[in-house]
Amino acid sequence: MASSSAAAPSRRSVFDAAYIRSEFSAAGISAHFIPIIWKYVLQNPRCGDLDGIPSLPANAYALLRQKFRPTTSTLTAAADSKDRTTTKLLIRLQNGESVEAVVMRYDTRLGKYDGKPRPGGVRATLCVSSQVGCKMGCRFCATGTMGFKSNLSSGEIVEQLVHASRYSQIRNVVFMGMGEPMNNYNALVEAIGVFTGSPFQLSPKRITVSTVGIIHAINKFKDDLPNVNLAVSLHAPDQDIRCQIMPAARAFPLERLMNALQSYQNERDQAIFIEYIMLDEVNDQEEHAHQLGKLLEMFKAVVNLIPFNPIGSSSNFKTSSDQNVKKFQKVLRCTYGIRTTVRQQMGQDIAGACGQLVVSLPDERSAGGATLLSDIEDLRI
């Protein structure tokens, strides 16, 4: 027998920007109050309600109580890596699912550029998730083993930054966590709009969105998110190898993808980050480096070589040797003049490194400080 009373609708996050703007507009409340609400929640992350926000119209308080919550997600655990450069956050969503976000800390002064010490100082990058699980099924990625469960709302994406701000002052955001951001496009665009406005005020140039190569979304990206960096998870220099390790690549043939990237660059004149995971005897030989160099030689690109992070004893892949990584890098740099970096491995001991996010945390949990590494994500291009 059906219940005689319908379940009360869930209240939404105040960070669901389009929804709160729509509700405020319908109630005749000015949208300029919304950043004030966001700032209050950011400064009071444990606030249970919104009644303490000063100077709102009376009907705004009533609307907030009825339809909104300060945050709809909960930070349930945090784990620091042994070197304290990385903190992995486990975040529980309103629907009961969980996602992970990772804070990575760098000191740019420890690196060099053109042989000279780099300016700057201590910086933190937040790696955010856009989905629970992922449809792409990349064979080297732990998230891909989960399958796809759900998209995050724009508010749930923004709340990862709210939670992370308790641990570090975040300067850069990379959409390289769980999920394919371009498959949750509207929420992605809306969340970045919040990131770049008050009170977060992140520069679009310090936000990077990574994609396996969703061509129709790349075509929109250049207009919808100007100055935001694009990173492409290429991982192979030809279509056959891409399909072997990235089944979704069958839907996005390499030739069409490169044409879309050429169009993107023609209109934006902005460097593209190329992510390339190094898999032993799969895509890490010198011949592959030459293939990749020829593929990219007409592009303004930065290649980031990523040592493979094991995702359990059942993994079919092995990490490339340091020697092969250095040879690969040398070919791209010296033969083709392509700027090529090797991603430093951070957070492997807490499964917080690239490709390891699959909603799991070790027992070691801390909110402590951190020592620092030289910067990798904050590339000036």
Side-chain angles (χ1 to χ4, degrees), residues 1-20 23 38 41-42 44-50 64-79 87-103 126-138 141-167 173 175-188 190-191 194 311-312 347 350-352 355-365 367:
M1 182 176 177
S3 172
S4 58
S5 59
S10 297
R11 289 183 292 163
R12 297 277 288 272
S13 169
V14 293
F15 294 102
D16 277 325
Y19 183 70
I20 193 170
E23 291 294 322
W38 292 343
V41 177
L42 183 62
N44 301 274
R46 294 181 177 86
C47 65
D49 58 53
L50 299 164
L64 290 171
R65 279 192 294 267
Q66 179 186 1
K67 294 193 173 183
F68 294 94
R69 296 174 61 188
T71 58
T72 57
S73 62
T74 306
L75 179 61
T76 56
T87 302
K88 184 165 77 165
L89 308 178
L90 181 63
I91 298 167
R92 185 175 178 84
L93 308 177
Q94 190 168 224
N95 65 2
E97 298 286 356
S98 292
V99 293
E100 293 176 339
V102 182
V103 179
L126 175 66
C127 178
V128 299
S129 295
S130 56
Q131 297 177 312
V132 181
C134 184
K135 294 178 182 178
M136 299 296 99
C138 297
C141 178
T143 307
T145 65
M146 295 174 60
F148 173 74
K149 296 186 178 181
S150 62
N151 281 324
L152 270 62
S153 70
S154 64
E156 289 170 332
I157 295 173
V158 174
E159 286 178 16
Q160 293 172 67
L161 178 55
V162 176
H163 294 308
S165 296
R166 292 163 55 178
Y167 293 86
V173 170
F175 283 79
M176 298 180 183
M178 298 170 64
E180 164 55 60
M182 296 291 197
N183 276 345
N184 191 11
Y185 189 81
N186 291 339
L188 168 74
E190 191 173 299
V194 177
I311 53 175
I350 54 169
Q356 290 185 314
L357 300 190
V358 70
V359 188
S360 63
L361 274 173
D363 292 334
E364 181 184 351
R365 291 166 190 172

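From a predicted model like this one, the values you see are computed outputs, not experimental measurements.
A heavy-atom distance below 4.5 Å is found between the side chains of Arg69 and Gln94. Within the 4.5 Å cutoff, side-chain heavy atoms of Thr72 are placed close to those of Glu156. Counting heavy atoms from C-beta on, the side chains of His163 and Ile91 come closer than 4.5 Å. In this structure, the side chains of Val132 and Met146 come closer than 4.5 Å at one or more pairs of heavy atoms. Side-chain contact between Met182 and Leu188: present, with at least one pair of heavy atoms (C-beta onward) separated by less than 4.5 Å. A 4.5 Å side-chain heavy-atom check between Asn184 and Phe175 finds every atom pair outside the cut-off. Counting heavy atoms from C-beta on, the side chains of Ser130 and Leu152 never come closer than 4.5 Å. The shortest distance between side-chain heavy atoms of Val41 and Leu50 falls below 4.5 Å.
Relative ring orientation between Phe15 and Trp38 is described as parallel, the plane-to-plane angle staying below 30° on a 0-90° scale split at 30° and 60°.
A distance of 10.0 Å separates CG of Leu64 from CG of Asp49, quoted to the nearest 0.5 Å. Put simply, CZ on Phe68 and CZ on Arg12 are 7.5 Å apart, with the number rounded to the nearest 0.5 Å. The CG atom of Leu93 sits 9.5 Å away from atom OG1 of Thr76, with the distance rounded to the nearest 0.5 Å. Rounded to the nearest 0.5 Å, atoms CG (Leu89) and CG (Leu126) are 7.5 Å apart. Separation of atoms CG (Asn183) and SG (Cys134) is listed at 7.0 Å; rounding is to 0.5 Å. Once rounded to the nearest 0.5 Å, the distance linking CG of Leu90 with OG of Ser73 reads 11.0 Å.
Of the N and O atoms on the side chains of Glu97 and Ser150, not one donor lies less than 3.5 Å from an acceptor on the other residue.
What you find for Met178 and Ser129 is that their closest heavy atoms are N-OG, 2.9 Å. Summarising the geometry of Cys127 relative to Gly177, their closest heavy-atom pair is SG-N, 3.3 Å, with the distance given to 0.1 Å. Here the closest heavy-atom approach between residue Gly155 and residue Ser13 is recorded as CA-OG, 4.1 Å. Residues Asp16 and Ser153 share a closest heavy-atom pair of OD1-OG, 3.2 Å.
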Check your understanding: Can Ser165 and Leu42 be said to form a side chain to side chain contact (heavy atoms under 4.5 Å, CB included), step by step?
Key -> CA-CA 8 Å; Ser165 296; Leu42 183 62; 3.9 Å; yes
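Of the possible donor and acceptor atoms, none in the side chain of Glu100 sits under 3.5 Å from a partner among the backbone N and O of Lys88. Gln160 contributes no side-chain N or O that, together with a main-chain N or O of Ala101, makes up a donor-acceptor pair within less than 3.5 Å. Side-chain atoms of Glu180 never come within 3.5 Å of backbone atoms of Met136 as a donor-acceptor pair (strictly under, hydrogens ignored).
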